[in-house]
Number of protein chains: 2
Amino acid sequence: MSSTLSELEKEVIEIFVRLAAGLSLPRSVGELYGLLFISPNPLCINDCMNKLKISKGSTSQGLKILRSFGAVNPVYIPGSRSDHFEAESSLRNIVTGFVNEQVRPHLENGKVRMARINELIAAEEEEERREFFEMRIGRLQGWQKRAGSLLPFALNFIKPD
Amino acid sequence: MSSTLSELEKEVIEIFVRLAAGLSLPRSVGELYGLLFISPNPLCINDCMNKLKISKGSTSQGLKILRSFGAVNPVYIPGSRSDHFEAESSLRNIVTGFVNEQVRPHLENGKVRMARINELIAAEEEEERREFFEMRIGRLQGWQKRAGSLLPFALNFIKPD
DNA sequence: CAAATCGTTCATAAAATAATGAACAGGCCG
DNA sequence: CGGCCTGTTCATTATTTTATGAACGATTTG
């Protein structure tokens, strides 16, 4: 297997590097996914680090992250001692994994905070101010709820592939 | 006007600080929006920097970013020489602005790249490899298109408030 | 069992990002 | 005009994030 990147590989990897940046994931994570996405065969850690010229640590860490939301799957290769990986190619699976891992926790956390905020508002003496606060926080809660309901909807929109 | 943050303010600001982190925007941007969101009156740069205890530079920069996608609007205050700002409270306006500024450019860019990638694939001699590449890139384009059509749809889902 | 292979972890180095505050430009008022 | 107030910019500093690679435990091989 060639240890340098083809033009095609470079181009595809760049797409995912940019995507990773947009999601504020480390660049190496984008590189790894891009490489695996366009690779006809599953690759092991050594293949990845050689082709991408990144360190073993980054490779191990990056694949761990990718596995954590199911963007990459381990593949058993008979006769090889190393773990191999291939890119999960179902967008839906990846997005679902990503949302569950990285997005939902924040939404949950927000809900908890709201309880405290509502208490604080109730304690406001001056009526006009209290009403303003209630209005704004009401809106905030509306957003939260809407985000919560948009999510499953969006996931559904990404039909089963 | 008090120059220290009330409990309520702190709590609300924290919500937006976290949100900003999620969008990988500077913390100061979250602080500023949170402060304005819960403020009954428009605030000027000096108000903001005093209450948040951040530098003039950060304040100026942060408000610039917030204005860039319409999360904050300038308000004319008769008799004051400083610009004042209030939070835009229409989620839809903010999300639309944010998507147009920070998301769409990436999608566009991706489309451009695809042209080059398709050329590269066409040049692949070995049939089996070429077919694999076509399959994967086809999928990639499917994602792109879907992301493009999900966006306006999601914006619409956020009804006019 | 000794040597080699594999993968992870973690202290450290390097790089990227954000905050600071002084310098500056423009406007306003006396 | 000259001092004063506003807000922006940008070089520098501080902070945070990411990458590196050596050390390690686990596993396999001969």
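None of these values were measured; they are calculated from a predicted model. Lettering of chains follows the sequences in order, A, B, ..., and the numbering in each one begins at 1.
- Summarising the geometry, the separation between CE on B:Met49 and P on D:dC5 is reported as 15 Å, rounded to the nearest angstrom.
- The backbone N or O of A:Glu126 lies less than 3.5 Å from a partner atom in the side chain of A:Glu124, making a donor-acceptor pair.
- Contact between the side-chain N/O atoms of A:Lys64 and the OP1/OP2 oxygens of C:dT9 is found at a separation under 4.0 Å.
- Rounded to a whole Å, the CG atom of B:Asn46 is 17 Å from the P atom of D:dC4.
- Below 30°, between 30° and 60°, or above 60°: for B:Phe37 and B:Phe16 the angle between ring planes is between 30° and 60°, a tilted geometry.
- The side chain of B:Arg67 contributes no N or O atom lying less than 4.0 Å from OP1 or OP2 of D:dG7.
- Follow the hydrophobic side-chain contacts under 4.5 Å out from B:Ile45 and you never reach B:Ile77; the two are in separate clusters.
- When A:Asp83, A:Leu43, A:Leu36 are each tested for a side-chain contact (heavy atoms from CB on, under 4.5 Å) with A:Leu63, only one passes: A:Leu36.
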Where protein sits on nucleotides 18-30 of chain C, one letter per nucleotide: B base, S sugar-phosphate only, - none, heavy atoms under 4.0 Å: SSBB-B---BS--
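- Aromatic ring pairs are classed by plane angle as parallel below 30°, tilted from 30° to 60° and perpendicular above 60°; the pair B:Phe98 and B:Phe69 is perpendicular.
- Straight-line distance from the CG atom of A:Leu63 to the C1' atom of C:dC6: 13 Å, rounded to whole Å.
- Rounded to an integer number of Å, the gap from B:Leu66 CG to D:dG7 C1' is 16 Å.
- A:Ser82 comes within 4.0 angstrom of the backbone, heavy atoms only, and of no base.
- With sequence neighbours excluded, no residue satisfies side chain to side chain contact (heavy atoms under 4.5 Å, CB included) with A:Arg81.
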